[in-house]
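All chains are named by letter (A, B, ...) in the order of the sequence lines, taking the proteins before the strands, and each is independently numbered beginning at 1.
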Amino acid sequence: MPENQSATPLPDQFEAQFESAFEQRFYNERLEKLEKIAALGAANGLKPLEATYPNSFRFVPEGIDVPQIRSLYANATAEELEAQKAEIAVAGRIVAIRLQGKAGFATLLQNGERLQLYVRKDDVGEPTFELYKLLDLGDHIGVSGSLMRTRTGELTLKVGPATPEKPTLTFLSKAMLPLPDKFSGLGDIELRYRRRYLDLFTDTGETAEASSEPATNPVILSEAQSAQPKNPEASGPATTAETISTTSPEPATITRRPAREVFVKRAAILRALRHFFDSRGYLEVETPMLHTVAGGAAARPFGTHHNALDIPLNLRIAPELYLKRLVVGGFDRVYEINRNFRNEGVSTQHNPEFTMLEFYQAYANYHDLMDLTEELIKFVATEVNDTTITFFTHPNKRFSQQILESLAPVRIDLSKWQRLSMRQAIIQFWHGEFCQAPEMEDFGSAQNLFDFLVRAEKEAREARHPDAPDLFHEVSEASLTESKRQWFQSVIAHGLHAWEDDKQYGKIIATLFEDIAEEHLIQPTIIYDFPLAVSPLSKVKPDEPEWVERFEFYIGGFEIGNAFSELNDAADQLRRFESQLEDRKNGDDEAMAEIDHDYVRALGYGLPPTGGEGIGIDRLTMLLTGSRSIRDVILFPLMRPQTKATAQEEHTHGESAE
RNA sequence: GAGCGGGUAGCUCAGUCGGUAGAGCAUCGCCCUUUUAAGGCGCUGGUCCUGGGUUCGAACCCCAGCCCGCUCACCA
């Protein structure tokens, strides 16, 4: 761009990005304003680029920001402000602007908070006021002046007075494209994800429907006060979520919270996690994202290729096997917080790239990790929310969307945990209406479980009528999926020999658990002792060879974390890997696909007894922010690229280049 | 991959029985020196997702497709 030209002609490519004639015209009008701003700057000796796209602005006092100003002067009276006349210079984005003849108000948004400006022609002088009149919604400006209160008591920065050496109003950057609705923000969920940059500075967190009673959600209320104090003087000292939640009625519905706040909170969660582990002597490490063998979990990997070495590589599906290599290497306590990639479906609970915390501790077992987990979640919640109470909508699969919308969020106390073995959980949540729940004995062997299932199905049919669909329809109230139901049916129909190997037996127990118990686990629950068949990396229980020392914890109806005493017998590990491979060949696509022989070798050098755990950070963030979709806690969730339907047009739309 | 819902101005949304396409905000012009979802007056802005079909006539009815959301499946 030539240096003395502020308003250069548009590059063709940019022009192609306009979505409409309206945007094109809008852009051209803003260009004309930029030219006028350049002309005003020239009068002050500024080159066009210095006037239109200056490269810095100094806040006064140095380091201050709008949130600080708001809290520092929250209780200052008009008289006190008048007496102080402290000079303040801040910059920000204009999110509201009102011109009133020879004066005007504007609202600046900076660091997530707003500050009103008052500009009078008499205070700033003619040229500066001319500049003010050229400002638009979305522009960035810097201002200097002193604080005052308006007639209605709002803390306001009065711009000016003009001094020869110091500008009172500095133009910083122009919004060349029209902004979303200044009041309701972006309502289009798709646009919120695709153009998160807009979502972040326009989202009020209150949808049109939800705004009727935003204060009914205690969590939202407290957040709104701390993040955007609309009436700081009225609320006095910040009220914590805890005091509100104990005195307010439960929220009627989940109100979407502002995107910015969610991601500020996400950062706080990561900070708290790191603090927790750092202060306990864990070393934060970074292991490879590019794996020759994508191990440590059962999932389809993303494939890629390294050109120089000419080898295929996979994005990692889990860091597990590398972290345990580090424990072999003598790092007794390690943790990693990083992305995993799984080439599988997207949903409100799944994004192809997601953030996982994994940590390993030598000389610990799964019992130690249960205690640690409770402590960790309690700690993080308190750090982030100042309370262990959170509200979350129960994601019951059987509820239709309409019911879900009207469903009251459930109050969850992250300081109160229960522990159930997987077998106990199945027994406890069994729907006993048509057939009796199993007893511990029934899980004792493949034969026992088979006998129980046959018996239970017979009972269920008789309790209803002979044509009743089948046992599992009743047992799980249709939450059992069709494919699984068929699987059960075929097992029962074909007899024990169809699944006499212990794998099938273990897998059926795990499936029963998922279908019967999982959705009930709203309050923090540790589910321990898993079948060996579904746990190829866990250590077997000494007294029960079909069961392993493993637990998962569930909050809000879904799994947040998974932990176990690590299998450290190299020969056993190799056998289990080979068995997984065998399962894979036999059509079980949940089994691991490839053996990491170097990992087996590493175990061969001796892994101490070790406990390890993985926690889904996105889901934890959902829980602590009351977000119902994982896309609300990931800044840029994966979306199908937008393509312009007009394929016959000679140039593609700007969006399609993403 | 399947089912349900949605797609109308830059944004948020109405749209009657199938009969010329609407509002608020934003934009543009004018007025207004304590407003605050400022206000007043006037204007501008549309591939009604796309492509077919029915019809004298389609935003609306039918068919196909695209995208998004939710649910299911897979998974954490």
[N] pairs with, by Watson-Crick or G-U criteria that keep both distances under 3.5 Å:
{"N": "B:G5", "result": "B:C68"}
{"N": "B:A14", "result": "none"}
{"N": "B:C60", "result": "none"}
{"N": "B:U27", "result": "none"}

Assess the residue pair A:Arg339 and A:Glu353 against the criterion (salt bridge (charged side-chain N to carboxylate O under 4.0 Å, His left out)); give the C-alpha distance rounded to whole Å, side-chain angles, the decisive distance to 0.1 Å, and a yes or no.
CA-CA 6 Å; A:Arg339 225 64 67 78; A:Glu353 52 179 308; 2.6 Å; yes
Going by the rule salt bridge (charged side-chain N to carboxylate O under 4.0 Å, His left out), which residues pair with A:Arg98 if we only count those two or more places apart in sequence or in a different chain?
none
Sticking with atom [atom1], work out how far [N] lies from [M], rounded to a whole angstrom.
{"N": "B:G15", "M": "B:C67", "atom1": "P", "result": "28 Å"}
{"N": "B:U8", "M": "B:C32", "atom1": "C1'", "result": "35 Å"}
{"N": "B:U44", "M": "B:U27", "atom1": "C1'", "result": "8 Å"}
{"N": "B:C66", "M": "B:G24", "atom1": "P", "result": "38 Å"}
{"N": "B:U20", "M": "B:A58", "atom1": "C1'", "result": "13 Å"}
{"N": "B:G51", "M": "B:A59", "atom1": "P", "result": "13 Å"}
{"N": "B:U47", "M": "B:G10", "atom1": "P", "result": "7 Å"}
{"N": "B:G45", "M": "B:U12", "atom1": "C1'", "result": "16 Å"}

[N] phosphate, OP1 or OP2, under 4.0 Å from [X] side-chain N/O:
{"X": "A:Arg149", "N": "B:U34", "value": "no"}
{"X": "A:Arg98", "N": "B:A38", "value": "yes"}
{"X": "A:Arg194", "N": "B:C67", "value": "no"}
{"X": "A:Arg151", "N": "B:U35", "value": "yes"}
{"X": "A:Lys182", "N": "B:A26", "value": "yes"}

Could you check how far [atom1] of [X] sits from [atom2] of [N], rounded to whole Å?
{"X": "A:Asp136", "N": "B:C11", "atom1": "CG", "atom2": "P", "answer": "18 Å"}
{"X": "A:Glu358", "N": "B:A76", "atom1": "CD", "atom2": "C1'", "answer": "11 Å"}
{"X": "A:Leu198", "N": "B:C25", "atom1": "CG", "atom2": "C1'", "answer": "16 Å"}
{"X": "A:Asp139", "N": "B:A26", "atom1": "CG", "atom2": "C1'", "answer": "13 Å"}
{"X": "A:Asn28", "N": "B:U44", "atom1": "CG", "atom2": "C1'", "answer": "15 Å"}
{"X": "A:Lys33", "N": "B:A26", "atom1": "NZ", "atom2": "C1'", "answer": "11 Å"}
{"X": "A:Phe558", "N": "B:C72", "atom1": "CZ", "atom2": "P", "answer": "13 Å"}
{"X": "A:Lys174", "N": "B:A26", "atom1": "NZ", "atom2": "C1'", "answer": "14 Å"}

Value rounded to 0.5 Å, distance of [atom1] in [X] from [atom2] in [Y]:
{"X": "A:Arg196", "Y": "A:Leu635", "atom1": "CZ", "atom2": "CG", "answer": "6.0 Å"}
{"X": "A:Arg30", "Y": "A:Asp139", "atom1": "CZ", "atom2": "CG", "answer": "6.0 Å"}
{"X": "A:Phe359", "Y": "A:Glu613", "atom1": "CZ", "atom2": "CD", "answer": "3.5 Å"}

What does [X] touch in the nucleic acid at a heavy-atom separation under 4.0 angstrom: a base, only the sugar-phosphate, or nothing?
{"X": "A:Asp188", "answer": "sugar-phosphate"}
{"X": "A:Gly616", "answer": "nothing"}
{"X": "A:Arg300", "answer": "nothing"}
{"X": "A:Lys158", "answer": "nothing"}
{"X": "A:Phe26", "answer": "sugar-phosphate"}
{"X": "A:Asn351", "answer": "base"}

Stacked cation flag A:Arg550 on A:Phe530, 6.0 angstrom / 45 deg
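Here A:Arg550 passes the 6.0 Å and 45° test against A:Phe530.
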Centre of A:Phe302's six-membered ring, under 6.0 Å away, within 45 degrees of the axis: is that where NZ or CZ of A:Arg342 sits?
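Judged by the rule (NZ or CZ under 6.0 Å from the ring centre, within 45° of its axis), A:Arg342 is not positioned above A:Phe302.
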A:Pro352 vs A:Thr348, nearer the 5' end of RNA chain B by closest nucleotide
A:Thr348
Starting from the 5' end of RNA chain B, give me the residue, A:Val346 or A:Arg619, whose nearest nucleotide shows up first.
A:Val346
Which nucleotide in the list [options] gets nearest to the side chain of [X]?
{"X": "A:Phe354", "options": "B:C68, B:A76, B:U27", "value": "B:A76"}
{"X": "A:Met148", "options": "B:U27, B:U34, B:C70", "value": "B:U34"}
{"X": "A:Phe183", "options": "B:U12, B:U27, B:A37", "value": "B:A37"}
{"X": "A:Ser184", "options": "B:U12, B:U35, B:G69", "value": "B:U12"}

Looking only at non-hydrogen atoms, find the nearest pair between A:Phe105 and A:Thr150 and report the distance.
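Heavy atoms only, the tightest pair is CE2-CG2, 4.3 Å.
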Heavy-atom pair with the smallest gap, counting every atom of A:Leu620 and A:Ile615:
CD2-CG2, 4.5 Å
Go through the steps to decide whether A:Arg260 and A:Asp199 satisfy the test salt bridge (charged side-chain N to carboxylate O under 4.0 Å, His left out), and finish with yes or no.
CA-CA 8 Å; A:Arg260 180 186 172 98; A:Asp199 188 29; over 6 Å; no
Strictly below 4.0 Å, heavy-atom distances to any atom of RNA chain B: list the hits from residues 99-108 of chain A, or just say none.
A:Leu99, A:Gln100, A:Gly101, A:Lys102, A:Ala103, A:Phe105
Distance flag, aromatic centroids of A:Phe171 and A:His140, threshold under 6.0 Å:
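No - the distance between ring centres of A:His140 and A:Phe171 does not fall below the 6.0 Å cut-off.
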So A:Phe551 and A:Phe553, would you call those rings parallel, tilted or perpendicular, with 30° and 60° as cut-offs?
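Aromatic pair A:Phe551/A:Phe553 classed tilted.
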Angle class for the A:Tyr528/A:Tyr366 ring planes (parallel below 30°, perpendicular above 60°, tilted otherwise)?
perpendicular
Report each atom pair, protein N/O against N/O of nucleotides 5-10 of chain B, whose distance is under 3.5 angstrom.
{"residue": "B:G10", "atom": "OP1", "partner": "A:Ser20", "partner atom": "OG", "Å": "3.3"}

